[in-house]
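Residue numbers start at 1 and run along the sequence shown.
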Amino acid sequence: MSVCICCSKSSLDFRSFQFSQSLIFAIEEINNSSSLLPGVSLGYKLYDTCSSTAMGVRMAMAFINGNLNSKLDEPCTKPTQVQAIIGETYSSVSMAIAQSIGPFSIPLISHYATCECLSDKTKYPSFLRTIPSDYYQSRAMAEMVKHFGWTWVGAIRRDDDYGNSGMAGFTAAAEQLGICLEYSLPFFRTYSQEKVLRIIQQIKSSTSRVIVVFATHWDLEILLNVFYEHNITGYQWVGTEGWISDSTEFILDIKPLQSAGSAIFTEFWEALFKCKYKVENDSEDTTVCTGQEKLSETNNAFTDMSLMPIFSSVYKAVYAVAHTLHDLLGCTRTCPTKKQPDPLTVKHLKRVRFKTKEGEEVYFDKNGDPVAKYELLNWQTIEDQHEFVTVGLYDSSFPAHSRLAVKMASIVWAQNKNEVPVSVCSESCPPGTRKAVQKGKPICCFDCISCAEGEISNMTDSIKCEQCYQDYWSNTHRNECVKKETEFLSYEETMGILLTAVSIIGTFITIIIAIIFFRYKNTPIVKANNSELSFLLLFSLALCFLCSLTFIGRPSEWSCVLRHTAFGITFVLCISCVLGKTIVVLMAFRATLPGSNVMKWFGPPQQRLSVLAFTLLQVLICVIWLTTSPPFPFKNLKHYKEKIILECQLGSAVGFWAVLGYIGLLALLCFILAFLARKLPDKFNEAKFITFSMLIFCAVWITFIPAYVSSPGKFTVAVEIFAILASSFGLLFCIFLPKCYIIIMKPEKNTKKSIMNKVPVNSFPLPPLHK
């Protein structure tokens with residue numbers, strides 16, 4: 001059996017020799033194994049494509065045909081002798097070879113071709129690889145760049161299928177993660193000086209400090225030299241090179257390579273140690289090769305182990321072929337035959353699944369790709385030596401949040417700094433702000449705009465501010481929603497305490513006056529002013545003072561209903577009493593005229609009935625209001641954005657203004673009647689005080705209407721309480737204070753004679769006195 005490996009570049013490319021060593025080591029290990037292909041030996045042939053697409057296709061076709069010396073114009077007549085081809089190193093050459101050998105169904109297993117395009121089985125049906133596709137590498141690089149907080153990066157790509165495809169994959173993954181490319185520049189080592197200078201100028205004028213590179217080590221070496229010449233330093237490079245491993249001994253064991261052919265070994269040895277086996281007479285300065293030189297004491301491309309994972313990829317490719325053949329032959333303790341088996345196919349290889357000595361599981365997916373696992377390498381200078389140090393791992397088989405693991409403390413950044421470099425177009429927006437993209441620039445270039453009132457953002461780089469819920473409001477930093485302050489007139493605040501105190505004082509004064517009147521109920525001044533209506537008026541005034549307390553405190557269903565109905569009914573009761581007293585004054589005057597018997601039509605029963613009738617009408621209005629659309633507690637969110645006003649919604653505005661209008665109508669009627677009776681004899685001078693009290697009452701409530709409508713929040717309630725207290729005190733003081741003054745301070749005037757003597761003789765005729 002035979003396996004072919006296609007190496008690259010010239011015959012003295014040391015990396016190709018490293019790949020060859022890997023293949024030879026794997027094949028000899030398999031041939032010496034008693035468990036894998038027992039009794040069957042694998043053969044191999046090494047062939048160099050010289051990194052040429054044309055040469056690769058030509059020699060692959062000739063190799064498949066079994067005639068390595070055939071010319072281009074000769075037909076392919078011999079059947080294939082190879083089971084698989086392991087190679088090629090470069091994606092462009094692999095693409096050409098895979099398309100050429102596809103119709104022959106011979107597997108081409110690459111150890112280094114990473115172009116994502118090779119996963120397309122419609123174009124490359126026979127291609128497989130043991131190195132992950134650039135799709136995963138691009139994704140891993142984008143996630144790593146995001147992990148380090150770099151959102152504004154530059155990019156340089158090799159100007160071929162490998163670089164363009166890889167960079168396209170990185171760009172797509174970066175956009176999904178919110179990473180922007182400031183520039184993406186193509187480069188090839190054959191570019192003219194003018195093109196290279198344009199690249200340098202572009203990088204010099206950029207603001208990003210991280211450069212992502214999809215290029216070979218030859219391209220990178222040229223770029224670094226150009227950067228050094230133009231003094232461009234301080235950039236963090238992110239590249240696609242290198243992984244490392246621990247097992248390096250087999251690379252330095254040259255004996256298997258020596259047995260591969262004396263001619264190639266001699267040329268390799270002379271190039272490696274810069275010596276000659278045969279020295280000409282005129283070459284005195286040339287070192288003679290002894291064959292005992294030690295590879296471990298040299299430092300060159302062949303002993304560079306930075307591409308150890310690529311050697312491992314060659315190793316795994318050989319073992320994949322061996323395990324597939326093992327299964328095809330049905331080997332147990334020994335293989336049943338030593339005959340050439342049926343040709344291997346991609347279908348056979350895709351079914352293989354095995355573990356390496358290190359425990360790594362190897363298999364191919366439907367596109368012929370392996371599971372993507374990467375080591376993150378950091379290029380460090382240790383004791384004047386440049387070394388790749390493993391600082392992290394990436395495994396695409398893990399969940400998205402745990403694919404990348406990085407040892408941050410082990411990384412040495414650009415210019416030997418220990419801090420992660422910053423590469424952003426705009427600084428991160430702190431919580432409480434949102435990002436606003438700058439016009440004409442990528443999404444990574446933005447301004448930070450503070451969230452509006454009532455909106456918050458509680459994370460860095462938020463793209464929008466979230467509206468707080470209805471009962472919440474943003475704090476001063478706009479990074480948290482806090483419960484809105486609720487506002488209502490409470491008993492604990494100063495205004496509530498003062499109004500409560502005034503209400504209680506008014507009630508207390510009313511009770512004192514009632515006690516005084518009760519104590520002196522048989523005196524002429526109390527009798528002359530209709531004592532029954534006076535006591536009823538004092539009772540209603542006490543209720544008016546107390547009903548103002550229902551307006552203080554947190555609104556509830558019962559308090560909202562009680563405050564408006566109690567206010568409406570008690571005030572109608574109060575005004576009805578005053579109206580009754582006013583009518584009594586007028587009727588009493590009419591009764592003093594000769595032949596008048598009007599008082600019998602408005603005696604005490606009629607007075608009580610009139611007060612009851614006026615009050616029951618207000619009760620009826622309130623009942624209709626409460627049954628149709630009663631008042632209810634309400635959260636007012638419109639007046640203030642940052643706080644909630646707890647208030648009693650009227651329910652039916654018509655009901656409220658009907659109650660208020662009825663009170664106003666009675667007050668106006670009372671005022672008119674009292675005004676008409678103001679010039680009656682002093683004996684009936686209560687009309688003057690009623691007129692003045694009604695004037696105060698009407699003035700207070702007329703002023704109340706605009707103040708009530710325009711006052712915000714709890715001040716609306718305060719205005720209503722103030723109107724209740726002011727009008728109540730007006731009635732109390734104007735009607736009862738003068739009488740109390742005479743009763744307490746001037747008792748000598750509280751006699752029938754004194755009251756009768758105040759009436760001018762010529763003013764009005766007095767009715768005859770009856771015994």
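The side-chain tip of Lys714 does not point at the ring of Phe488 from less than 6.0 angstrom away and within 45° of straight on. A cation-pi contact, defined as under 6.0 Å to the ring centre and within 45° of the axis, links Arg209 to Tyr235.
Counting non-hydrogen atoms of other residues, nucleotides and ligands closer than 6.0 Å to CD of Glu557 gives a total of 12 or fewer. Heavy atoms from other residues, nucleotides or ligands lying under 6.0 Å from CD of Glu427 number 12 at most. Other residues, nucleotides and ligands contribute only 12 or fewer heavy atoms inside 6.0 Å of the CZ atom of Phe398. Heavy atoms of other residues, nucleotides or ligands lying less than 6.0 angstrom from CG of Leu177 number more than 12. Heavy-atom contacts from other residues, nucleotides or ligands closer than 6.0 Å to NZ of Lys483 number more than 12. Crowding of His230 atom NE2: a count of heavy atoms from other residues, nucleotides or ligands under 6.0 Å exceeding 12. Within a 6.0 Å radius of CZ in Phe632, more than 12 heavy atoms belonging to other residues, nucleotides or ligands are found.
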inquiry  = Please determine whether side chain to side chain contact (heavy atoms under 4.5 Å, CB included) holds for the pair Gln236 and Ser423, giving the CA-CA distance in whole Å, both sets of side-chain angles, and the decisive distance to 0.1 Å.
reply    = CA-CA 9 Å; Gln236 185 67 47; Ser423 185; over 6 Å; no
ask   = Where do Glu194 and Arg198 land on the side chain to side chain contact (heavy atoms under 4.5 Å, CB included) test, with the steps shown first?
value = CA-CA 6 Å; Glu194 182 182 357; Arg198 281 202 294 268; 3.2 Å; yes
request  = Walk me through it: do Ser559 and Arg554 pass the test side-chain hydrogen bond (donor to acceptor under 3.5 Å, both in side chains)?
outcome  = CA-CA 9 Å; Ser559 66; Arg554 179 181 287 270; over 6 Å; no
ask   = Phe214 and Gln137: side chain to side chain contact (heavy atoms under 4.5 Å, CB included), yes or no, with the steps?
value = CA-CA 10 Å; Phe214 263 86; Gln137 183 172 232; 4.0 Å; yes
message = Before you tell me yes or no, could you show the steps for Lys441 and Lys439 under side chain to side chain contact (heavy atoms under 4.5 Å, CB included), namely the whole-Å CA-CA distance, both residues' side-chain angles and the distance that decides it to 0.1 Å?
response = CA-CA 6 Å; Lys441 293 187 178 181; Lys439 189 175 181 180; over 6 Å; no
request  = Before giving the answer on side-chain hydrogen bond (donor to acceptor under 3.5 Å, both in side chains), spell out for Arg478 and Ser450 the whole-Å C-alpha distance, their side-chain angles and the decisive distance to 0.1 Å.
outcome  = CA-CA 8 Å; Arg478 305 284 197 274; Ser450 295; over 6 Å; no
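Within the 4.5 Å cutoff, no side-chain heavy atoms of Tyr90 are placed close to those of Asp160. Asp471 places none of its side-chain heavy atoms less than 4.5 Å from the side chain of Thr486. Leu404 has its side chain within reach of Leu376: a pair of non-hydrogen atoms, C-beta onward, lies under 4.5 Å apart. Proximity of Ile456 to Asn479: side-chain heavy atoms (C-beta onward) are nowhere separated by under 4.5 Å. Using a 4.5 Å cut-off on side-chain heavy atoms (C-beta onward), Tyr136 and Tyr394 make no contact. In this structure, the side chains of Ile211 and Tyr183 come closer than 4.5 Å at one or more pairs of heavy atoms.
For Arg403 and Glu143, the salt-bridge test passes: some basic side-chain N is under 4.0 Å from an acidic carboxylate O.
With hydrogens and angles ignored, the 3.5 Å screen pairs no side-chain donor or acceptor of Lys407 with any backbone N or O of Val391. Put simply, the side chain of Glu480 never gets that close to the backbone of Asn475: no donor and acceptor are under 3.5 Å apart. Using modelled atom types, no side-chain atom of Lys435 and backbone atom of Phe446 make a donor-acceptor pair closer than 3.5 Å. Formation of a donor-acceptor pair under 3.5 Å by the Arg157 side chain with backbone atoms of Ser184 is found in this model. A donor-acceptor contact shorter than 3.5 Å is absent between the side chain of Asp447 and the backbone of Ala436.
Below 30°, between 30° and 60°, or above 60°: for His323 and Phe354 the angle between ring planes is below 30°, a parallel geometry. Classified by interplanar angle (parallel below 30°, tilted 30° to 60°, perpendicular above 60°), the ring pair Trp413/Phe148 is perpendicular.
Each of Lys316, Lys373, Lys355 was compared with Glu360 under the salt bridge (Lys or Arg N to Asp or Glu O under 4.0 Å) criterion, and only Lys316 meets it.
Less than 2.5 angstrom separates the SG atom of Cys465 from that of Cys451. With 2.5 angstrom as the limit on SG-SG distance, Cys425 and Cys180 do not come in below it. For the two cysteine residues Cys648 and Cys560, the thiol sulfurs sit under 2.5 Å apart.
Across all non-hydrogen atoms, the minimal contact from Leu489 to Gly496 is CD1-N, 3.9 Å.
Taking CD1 from Ile203 and CD from Glu182, the interatomic distance works out to 10.0 Å, rounded to the nearest 0.5 Å. In this structure, OH on Tyr374 lies 10.5 Å from CG on Asp395, to the nearest 0.5 angstrom. Expressed to the nearest 0.5 Å, how far OH of Tyr135 lies from OG of Ser119 amounts to 10.5 Å. Interatomic distance, CD of Glu453 versus OG1 of Thr476, reported as 11.5 Å (0.5 Å rounding).
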